[in-house]
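Reading through the structure tokens given below for one structure.
Chain identifiers are assigned alphabetically (A, B, ...) following the order of the sequence lines, protein sequences preceding nucleic acid strands; residue numbering begins at 1 within each chain.
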Amino acid sequence: MDLSFLNEPQRQAVLQTEGAVLVLAGAGSGKTRVITTRIAYLLRQVSADHIVALTFTNKAAREMLDRVVKQVGRKKSKGLIVSTFHSLGVRILRQEIERLGYKRNFSIYSASDQLRLVRDLVQGQLVEGAAADADRVLWLISQAKNRLISADAYQPAANDAYQQLTAQVYPQYQRQLKACNAVDFDDILQLTIRLLHEFPEVLEHYRLRFRYIMVDEYQDTNVVQAQLLKLLSSFHHNLCVVGDDDQSIYGWRGADPGNILDFGKDFPSLKVIKLEQNYRSSGHILSAANALIVHNKDRHGKRLWTADEQGAPVVYRCCDDGEDESTVVVGRIHSLRFKSQLQYRDFAILYRTNGQSRIFEEQLRYENIPYVLIGGQQFFDRKEVKDALAYLKVMANTQDEVNLLRILNYPKRGIGETSAERIIQASVDQGLPLWQVLQHPEHITELGDKTQEAIREFVGLMRRYQRRLQQGNNLVGDVQDLFREIKLEEELYRQADDPQKARRRVENLHEVINAVSSYVEREGQTTLESFLEKVSLLDRDEPQRGSKEEKLKQDAVVLMSLHSSKGLEFPCVFLVGLEEGTLPHKKILEESGDVAEERRLCYVGMTRARQHLMLLSAARRRKYGRLQPRDASRFVHEIPPELLVHEDGEPVALPAAEEEQLASNFFSGIKDMLG
DNA sequence: ACTCATGATATTTTT
DNA sequence: TATCATGAGT
């Protein structure tokens with residue numbers, strides 16, 4: 001096998017197939033290439049179904065699989081598992097979950113489904129000192145699950161009212177989920193672990209099968225995932241993890257950088273390989289990034305280098321205010337686009353919080369520059385989308401009471417809140433699931449004739465479509481007919497105050513149908529269940545309209561948060577809002593004090609840049625309507641001045657030389673067009 | 001059941 | 001400043 005296209009450490013990482021291996025892969029060091037080549041190399045010795053590669057996003061998984069298929073062909077890669085942790089978990093659960101008392105058609109609850117459940121539970125509780133704050137409770141439950149703390153084992157701190165409330169709600173929440181035959185995101189991993197722990201034959205099956213395990217972005221794993229890996233690799237012990245401790249930016253979500261720092265403790269015979277040669281950024285950019293990250297303690301320690309040129313210097317500029325900052329950035333985009341022959345899509349504006357995008361959007365729109373915004377409110381979080389999906393979810397799992405209640409009277413069909421209350425009461429009294437109770441509205445006393453009729457009609461509708469969908473020969477058509485019959489579109493027009501908004505919502509509704517349609521086309525799958533599973537695992541990168549992937553293809557300036565920029569690269573990056581209180585963020589300074597993670601975030605942003613990197617801050621900024629003075633971020637000061645060109649508020653207009661260059665490029669462009 | 005006004009609140013968000 | 005959730009009023 002030809003490995004000459006790899007550098008020495010890369011080659012080592014590929015060839016070291018046995019035992020525990022930690023590949024410390026710096027930003028832009030070609031780690032995806034290493035992983036895919038490693039898989040290809042393994043495939044020469046073992047069959048595909050003994051190899052599993054885990055990633056964090058579906059997109060990464062898809063890309064990885066594509067590349068492997070390209071290298072070794074479809075036939076040899078058949079049976080290879082390349083998936084996210086969660087997909088692997090669901091796969092195991094669909095097979096084995098009945099052992100834990102769930103049914104195989106369990107639903108996966110989204111954040112909003114969860115929130116609805118918790119809200120109802122919290123309302124029933126009144127703990128002193130805790131306002132009924134479902135968000136916070138849900139967050140605490142999730143944190144607990146991420147640490148593998150079960151409902152019974154949860155120990156609230158005596159002085160924390162929220163934790164006490166959580167202690168009350170957590171077990172109830174878990175019971176409710178089970179009653180709905182539903183699992184939440186954290187459960188997917190948690191329950192998988194439970195299966196492996198409690199049923200040795202299940203563990204035996206998988207640990208025997210998985211002879212070689214590889215993990216990407218290992219710095220982002222949490223305790224549960226680390227444990228899962230330990231279990232799965234406990235027979236063959238061939239576990240290769242790839243990651244970069246300097247890019248660990250999801251600590252707040254339960255990711256434990258300790259996993260990558262202490263990996264050797266669990267695997268004493270560990271081989272460590274460092275990939276430090278960078279193939280992405282210019283020398284200046286790497287020097288500045290290295291200079292920043294050395295301020296962190298507790299790291300494996302890496303120094304990125306490049307064989308390429310030093311390139312353009314990294315520029316820092318302190319602007320007057322936010323407005324000024326946006327003008328400078330947009331002005332620079334204009335000039336660089338001509339000077340360096342860049343397209344719009346080669347520029348990225350990165351910020352700490354999504355709220356910072358607005359001012360740049362305004363400026364870009366004013367200058368007629370196309371842009372795409374990544375992040376913010378997600379497609380599947382929109383109300384109209386959730387409502388539409390709720391119908392489908394209930395058809396797939398009639399025990400899904402959260403969604404059943406959501407659609408019971410939407411669109412309005414004459415089952416008001418009081419009626420709903422009575423139905424719920426009846427369900428509790430009779431000890432039957434809601435769906436059962438609804439089958440016989442006449443058994444519920446106190447329900448008016450009209451309401452009973454409405455319920456009968458609703459149930460009839462649901463069963464009719466359930467039957468159609470189960471036949472499964474026209475998924476798209478069935479969904480379309482359903483939405484038409486319940487008049488969802490009309491409802492959207494009726495609700496909205498302005499027609500603009502309504503049209504946008506209807507469009508989103510159509511996108512749901514498109515999503516079904518493109519899913520059927522792509523996967524050749526036609527069951528409702530499999531579609532819902534895909535959607536629930538938040539495969540937002542499914543190349544449908546509005547996805548991150550699709551957006552990045554257009555020729556438009558990209559705006560996004562630092563978090564969502566990880567894994568991407570751009571010829572030219574603007575890192576904006578480099579101020580104390582924003583990056584590092586105020587909340588961090590006040591609460592966890594984990595400045596190191598903020599520094600890593602800044603580092604991630606800087607290392608996205610290939611040729612041009614500009615850091616910006618503003619001396620004053622409008623915040624919540626008030627103009628506040630701001631200090632430049634400590635991170636700016638941590639980069640030695642000789643690695644950074646400090647550019648002070650000189651006029652935004654182009655210097656004459658650039659003007660000239662611009663004109664000459666313009667003319668040569670015209671010449672090209674004329675042939 | 002729907003509208004309107006008030007006030008609290010304002011990180012990041014791979015699955 | 002913008003948004004959203006909540007509660008009073010129609």
Side-chain angles (χ1 to χ4, degrees), chain A residues 54-62 83-90 108-111 114-115 119 123 131-135 139 142 145-146 183-190 192 216-217 219-222 224-225 247-255 322 350-356 358-359 374-378 380-381 383 409-410 412 414-420 494-495 497 533-541 548-549 560-568 577 581-592 594 597-598 600-602 604-605 621-628:
Chain A
L54 296 172
T55 63
F56 275 83
T57 66
N58 293 296
K59 183 165 168 250
R62 198 164 44 239
S83 82
T84 62
F85 277 93
H86 292 265
S87 302
L88 179 68
V90 170
I108 300 166
Y109 268 11
S110 68
Q114 296 177 39
L115 198 61
R119 241 202 314 257
Q123 241 140 42
D133 190 340
D135 265 315
W139 171 251
S142 174
K145 286 185 177 181
N146 277 327
V183 304
D184 67 19
F185 265 100
D186 303 317
D187 282 343
I188 292 175
L189 300 177
Q190 176 115 341
T192 307
D216 193 12
E217 307 280 14
Q219 76 281 358
D220 292 332
T221 50
N222 60 30
V224 186
Q225 286 157 330
Q247 292 188 68
S248 161
I249 55 174
Y250 285 103
W252 53 274
R253 247 172 128 259
L350 307 181
Y351 36 75
R352 174 71 234 259
T353 67
N354 282 131
Q356 292 171 260
R358 215 201 50 218
I359 189 157
I374 290 177
Q377 211 198 12
Q378 297 292 327
F380 289 107
D381 294 337
K383 185 180 174 303
N409 196 34
Y410 178 89
K412 306 250 158 350
I415 310 173
E417 213 159 308
T418 18
S419 305
R494 218 175 52 73
Q495 273 175 7
D497 23 334
E533 183 156 314
K534 199 91 177 172
V535 169
S536 309
L537 291 174
L538 294 206
D539 196 351
R540 289 167 176 167
D541 295 317
K548 188 160 165 177
E549 207 164 78
M560 64 183 154
S561 70
L562 287 164
H563 282 92
S564 34
S565 77
K566 194 166 70 144
L568 304 174
T582 305
L583 186 68
H585 198 276
K586 189 163 141 249
K587 272 268 163 64
I588 302 284
L589 298 171
E590 286 166 0
E591 279 162 29
S592 68
D594 189 0
E597 181 155 312
E598 297 287 292
R600 291 193 288 267
L601 203 45
C602 187
V604 165
R621 198 177 283 279
R622 199 168 283 283
K623 251 195 147 208
Y624 310 138
R626 302 174 69 83
L627 209 56
Q628 296 178 338

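- Across all strands, A:Arg622 comes closer than 4.0 Å to no nucleic acid atom at all (heavy-atom distances).
- Rounded to a whole Å, the CD1 atom of A:Ile588 is 11 Å from the P atom of B:dT11.
- In this structure, A:Asn58 does not reach the B:dT14 phosphate: none of its side-chain N or O atoms is under 4.0 Å from OP1 or OP2.
- When heavy atoms are screened at a 4.0 angstrom cut-off, A:Tyr250 is found touching base atoms of the nucleic acid.
- One can place OH of A:Tyr351 at 12 Å from C1' of B:dT12, the figure rounded to the nearest angstrom.
- Among the atoms of the strands shown, none is found under 4.0 Å from any heavy atom of A:Asp186.
- Here A:Ala61 pairs with A:Thr55, A:Val82 under the side-chain contact (heavy atoms from CB on, under 4.5 Å) rule; sequence neighbours left out.
- Atom CZ in A:Arg358 sits about 8 Å away from atom C1' in C:dA2, given to the nearest Å.
- Qualifying side-chain contact (heavy atoms from CB on, under 4.5 Å) partners for A:Ser83, counting only residues two or more places apart in sequence or in other chains: A:Leu54, A:Ile81, A:Ser87, A:Leu88.
- Protein atom CD1 of A:Ile249 is 18 Å distant from nucleotide atom P of B:dT11, rounded to whole Å.
- With sequence neighbours left out, the ring-ring contact (aromatic ring centres under 6.0 Å, His included) criterion links A:His585 to no other residue.
- Under the stacking criterion of a centre-to-centre distance below 5.5 angstrom and an interplanar angle below 30°, A:Phe56 is not stacked against the six-membered ring of B:dT15.
- Rounded to an integer number of Å, the gap from CG of A:Asp594 to P of B:dT12 is 17 Å.
- To the nearest whole angstrom, the two C1' atoms, one in B:dT14 and one in C:dT3, are 26 Å apart.
- When the nucleotides B:dT14, B:dT15, B:dT11 are ranked by their closest atom to the side chain of A:Thr84, B:dT15 comes out on top.
- The aromatic rings of A:Phe185 and A:His86 stand perpendicular to each other, their planes meeting at an angle above 60°, with 30° marking the opposite boundary.
- Donor-acceptor pairing under 3.5 Å, judged by distance alone, is present between the side chain of A:Arg352 and the base of B:dT12.
- The phosphate of B:dT13 (OP1 or OP2) has a side-chain N or O of A:Ser564 nearer than 4.0 angstrom.
- Legend: residues meeting ring-ring contact (aromatic ring centres under 6.0 Å, His included) with A:Phe85, ordered by chain and number and at least two apart, are A:Phe56.
- Inspection of the A:Glu533 and A:Ser536 side chains reveals no N or O donor paired with an N or O acceptor under 3.5 Å.
- Atom CG of A:Leu601 and atom NZ of A:Lys566 lie 10.0 Å apart (nearest 0.5 Å).
- Mapping A:Trp139 and A:Arg253 onto DNA chain B via the closest heavy atom, the residue that lands nearer the 5' end is A:Trp139.
- The phosphate of B:dT15 (OP1 or OP2) has no side-chain N or O of A:Asn146 nearer than 4.0 angstrom.
- Rounded to a whole angstrom, the distance from the P atom of B:dT12 to that of C:dA5 is 16 Å.
- As a whole-Å value, the separation of A:Leu562 CG from B:dT14 C1' is 15 Å.
- The nearest whole Å value for the distance from the CD1 atom in A:Ile188 to the P atom in B:dT14 is 15 Å.
- Contacts of A:Asn222 classified as side-chain contact (heavy atoms from CB on, under 4.5 Å), with partners at least two apart in sequence or in another chain: A:Asn146, A:Val224, A:Gln225.
- Here the P atom of nucleotide C:dT1 and the CD atom of A:Gln356 are 19 Å apart, to the nearest Å.
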Pairs under 3.5 angstrom, nitrogen or oxygen only, protein versus nucleotides 1-10 of chain B, please.
none

